[in-house]
Amino acid sequence: MKRIISVLFFFLLAGNYVANAQKFHFGLNIAPGIAWIKPDTKGFDNDGVKLAFSYGIITEFAFNQNQNYALATGLQVSYRGGKISNLDSIVVGNGFKPVNSKTKLTLQYLELPVTLKMKTNEIGAFKYFGQFGLLPAFNIKATSVNDNGFNITNENIKSDINAFSASLLVALGFEYNLVGNTSLVVSAAFNNGLTDVLDNKDVKAISNLINLNVGILF
């Protein structure tokens, strides 16, 4: 966690240093949402969504003078995961009893989005935009809670999660000018997982996320 805070602080200092550049903007962002795990293995099913949350720094580098096109990136800490279920068995007496095993995964990532942001000219005090790109992420923590109807276990499963994952990010939103170069940024985004999040040759799954991004851009 100390390393994450140090990196975020570095981005703030770097952003402050170049904030006067006409085509560069930086800011802060929070994003509540819902996340789910989509298994791609027979016998494993999605069993519900999980609350998600992310926060971090956002930056924009405009390509043209009107700033209609920009490279939007940043650094975010993201909490996501989901619930999956599968048919399992436990030892009862001298035999086995089939049970429906339910597992809730909590995954924490460090994300570095790389997206193209396309904005309209000002319509009143608003600018509307679409955003599209990739969301590379690095796993920094993973835990699970498993309930088979007889026992509940909590585990650290970081070794069972792939260190790297990637998603396709699509977002629609608006910017509202508050004063000068400071704007409120609001968008709805969908992160569609592209890579397997599980480091398990027998089970494959992707992580999806829908969130509401709210930020301040300077």
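What you see below is based on every heavy atom in this structure, not just the backbone, and it leaves out hydrogens, waters and symmetry mates.
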Exercise for review: Carefully, step by step, assess Thr115 and Gln131 under the rule side chain to side chain donor-acceptor pair (under 3.5 Å).
Suggested key: CA-CA 6 Å; Thr115 65; Gln131 199 170 342; 2.9 Å; yes
Check your understanding: If you draw a 6.0 Å radius around CG in Asn181, do more than 12 non-hydrogen atoms from other residues or ligands fall strictly inside?
Key -> no
Review point. Can you name the nearest heavy-atom pair linking Ser54 to Asn211, along with the distance?
Key: OG-ND2, 4.4 Å
Point to revise | Over 12 non-hydrogen atoms of neighbours within 6.0 angstrom of CZ in Phe126 | key: yes
Point to revise | Non-hydrogen side-chain atoms of Ser165 and Tyr109 separated by less than 4.5 Å | key: yes
Point to revise | Reference residue Gln67; test side chain to side chain donor-acceptor pair (under 3.5 Å); the match among His25, Lys127, Lys23 | key: His25
Check your understanding: Has Lys117 got its NZ or CZ under 6.0 Å from the middle of the six-membered ring of Phe129, at an angle within 45 degrees of the ring axis?
Key -> yes
Check your understanding: Hey, is the main chain of Lys102 close enough, under 3.5 Å, to the side chain of Ser85 for a donor-acceptor pair?
Key -> no
**Study point:** Asn29 side-chain N/O to Gly56 backbone N/O, donor-acceptor pair under 3.5 Å
**Key:** no
Check your understanding: Is any side-chain heavy atom of Leu217 closer than 4.5 Å to a side-chain heavy atom of Ile58?
Key -> yes
Check your understanding: Which heavy atom in Phe218 sits nearest to a heavy atom in Gly27, and how many Å separate them?
Key -> CD1-CA, 4.0 Å
**Study point:** Taking every non-hydrogen atom, the tightest pair across Pro113 and Thr73
**Key:** O-OG1, 2.6 Å
Exercise for review: Consider only side-chain heavy atoms of I, L, V, M, F, W and Y, link residues closer than 4.5 Å, and tell whether Tyr69 and Leu172 are in one cluster.
Suggested key: no
Check your understanding: Taking C-beta and beyond as the side chain, do Ile216 and Leu28 meet within less than 4.5 Å on heavy atoms?
Key -> no
Exercise for review: Decide whether Asn146 and Asn148 meet the rule of one side-chain donor and one side-chain acceptor closer than 3.5 Å.
Suggested key: no
Revision key, fill the gap. What one should report as the nearest heavy-atom pair of Ala189 and Ala171 is CB-CB, 3.8 Å
Point to revise | Between Glu111 and Ser78: side-chain donor-acceptor atoms closer than 3.5 Å | key: yes
Check your understanding: Looking only at atom types and distance, does a side-chain atom of Asn156 sit under 3.5 Å from a main-chain N or O of Lys158, one as donor and one as acceptor?
Key -> yes
Practice item. Return yes if a side-chain donor-acceptor contact under 3.5 Å exists between Asn208 and Asn191, otherwise no. Key: no
